[in-house]
Peer 1: 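Below is one structure. I have some questions about it.
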Amino acid sequence: MNKKIFAANWKMYLNSNESREFMLKINANKDLFSEFDIMIFPSHVAISIIQDLAKGFDNIKIGMQDCDILTSGAVTGSNSITSHKVDSCIVGHSERRTIFNENDELIKKKLNNCLDQIGSAILCVGETLNEKEENKTFEVIKKQLSILPHQIQGKNLDIAYEPVWSIGTGLVASKQHIEDVLSYINILIKELYSDEDRPNIRLFYGGSVDENSVEELSSISLLDGFLIGSASADFDKFKNMLNKMR
Ligand code: PEP
């Protein structure tokens with residue numbers, strides 16, 4: 001079984017003190033946490049703290065959960081992708097699409113901003129339950145991926161398939177469903193990019209992944225990693241997931 005990347009989307013679960021405590025525990029379990037490629041997306045206020053405490057880990061990358069379409073200016077409450085030196089940024093998360101009414105046009109601007117400024121991003125795509133029941137999954141994915149730039153020229157693009165009905169619900173998509181969707185995404189990517197670019201594109205699954213599902217899903221060959229929400233913000237659950245994959 002090849003080792004998968006663990007991307008931890010801490011959402012608004014942990015404040016800066018709790019984030020610090022979490023990183024101290026990671027440091028106390030350095031052997032285990034050094035074995036995997038890990039990405040952590042803390043709340044914005046905790047980014048510097050996490051970066052400081054991750055200095056001893058070459059394998060831990062730190063990213064932003066979202067960014068503005070601009071890099072500076074009069075945008076109260078927003079965060080520039082250049083506000084910290086980060087390795088990646090999540091764009092198009094379903095919570096941003098629904099709670100903040102972000103559409104594909106805006107997400108495209110954020111994606112291009114991330115690729116231009118830091119050369120890396122995770123784009124989240126996925127269908128709602130209604131769309132799944134109406135057999136519109138591929139149609140939705142195709143539309144959401146239509147914002148991809150035509151050239152990525154050495155930049156790192158991660159695409160996270162996150163069915164909306166699976167996020168935070170405890171309903172993990174079946175292995176077959178994930179395989180079907182990732183195969184479809186792979187076809188779209190191959191149509192768009194050259195063989196040379198393909199190694200710079202990684203495919204993730206996200207949606208209620210935890211210690212009970214991680215092992216089975218890890219056998220999906222097209223899958224490079226997991227984008228994990230609630231289970232990644234609980235130290236014991238995170239540790240258990242890694243232990244299962246050792
Ligand atoms: C997410 O929000 O990206 C996510 C996958 O959340 P959860 O693991 O909690 O379903």
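In what follows, every heavy atom counts, from backbone to side chain, and hydrogens, waters and symmetry copies are set aside. Whatever order the structure lists them in is the order used to number ligands and atoms, beginning at 1.
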Peer 1: Which of the numbered atoms in ligand 1 are under 4.0 angstrom from any heavy atom belonging to G207?
Peer 2: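 Taking each heavy atom of G207 in turn, ligand 1 has 5 (C), 10 (O) under 4.0 Å.
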
Peer 1: Using modelled atom types only, decide if a donor and an acceptor are shared between the side chain of N113 and the backbone of K109 within a distance under 3.5 Å.
Peer 2: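 Not at all, since once roles are kept as given, no pair shorter than 3.5 Å links the two residues.
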
Peer 1: I'd like to check which ligand 1 atoms, numbered from 1 as shown, lie under 4.0 Å from a non-hydrogen atom of S230.
Peer 2: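 Counting from 1, the qualifying ligand atoms are 7 (P), 8 (O), 9 (O).
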
Peer 1: Among protein heavy atoms, which sits nearest to atom 1 (C) of ligand 1, and what does the distance come to when rounded to 0.1 Å?
Peer 2: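 Looking at atom 1 (C) of ligand 1, the protein heavy atom closest to it is H93 NE2, 3.2 Å.
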
Peer 1: I'd like to check the salt bridge (Lys or Arg N to Asp or Glu O under 4.0 Å) partners of D37; sequence neighbours left out, ordered by chain and number.
Peer 2: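 By the salt bridge (Lys or Arg N to Asp or Glu O under 4.0 Å) rule, D37 matches no residue at all.
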
Peer 1: Looking only at N/O atoms, are I167 and ligand 1 under 3.5 Å apart anywhere?
Peer 2: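 No; the residue has no nitrogen or oxygen that sits under 3.5 Å from a nitrogen or oxygen of the ligand.
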
Peer 1: Could you check atom 8 (O) of ligand 1 against the protein and tell me its nearest heavy-atom contact, residue, atom and distance included?
Peer 2: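 The protein heavy atom lying closest is G229 N, 2.8 Å.
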
Peer 1: Out of all atoms in ligand 1, which are within 4.0 Å of some heavy atom of L227? Include the element for each.
Peer 2: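 With L227 as reference, the close atoms of ligand 1 come out as 3 (O), 5 (C).
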
Peer 1: Taking the six-membered ring for Trp and the full ring for Phe, Tyr or His, determine whether the centres of F6 and F33 are under 6.0 Å apart.
Peer 2: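 Between F6 and F33, the centre distance exceeds or equals 6.0 Å.
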
Peer 1: Quick check on D58: does its CG atom have over 12 non-hydrogen neighbours (other residues, nucleotides or ligands) under 6.0 Å away?
Peer 2: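 For D58, atom CG is not crowded (no more than 12 foreign heavy atoms under 6.0 Å).
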
Peer 1: How does N9 reach ligand 1, if at all, at less than 4.0 Å between non-hydrogen atoms: by side chain, backbone, both, or neither?
Peer 2: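 Near ligand 1, N9 shows its side chain, while the N, CA, C and O stay back.
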
Peer 1: Can you confirm, on distance only, whether ligand 1 has an N/O atom lying under 3.5 Å from any N/O atom belonging to E162?
Peer 2: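 Yes, at least one N or O pair falls under 3.5 Å.
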
Peer 1: Taking both backbone and side-chain atoms of A231, is any N or O found less than 3.5 Å from an N or O belonging to ligand 1?
Peer 2: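 Among all N and O atoms of A231, none is under 3.5 Å from an N or O of ligand 1.
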
Peer 1: Closer than 4.0 Å to some heavy atom of S208 - which atoms of ligand 1 meet that?
Peer 2: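 Counting from 1, the qualifying ligand atoms are 7 (P), 8 (O), 10 (O).
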
Peer 1: Between Q153 and Y193, does any side-chain donor sit less than 3.5 Å from a side-chain acceptor?
Peer 2: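 There is no such pair between these side chains.
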
Peer 1: Under 3.5 Å, side chain of K4 to main-chain N/O of L223, donor-acceptor pair present?
Peer 2: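 Pair found, side chain donor or acceptor close to backbone of L223.
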
Peer 1: Fit a plane to each ring of F22 and F238, take the angle between them on a 0 to 90° scale, and name the class: parallel (under 30°), tilted (30 to 60°) or perpendicular (over 60°).
Peer 2: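 It falls in the tilted class, 30° to 60°.
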
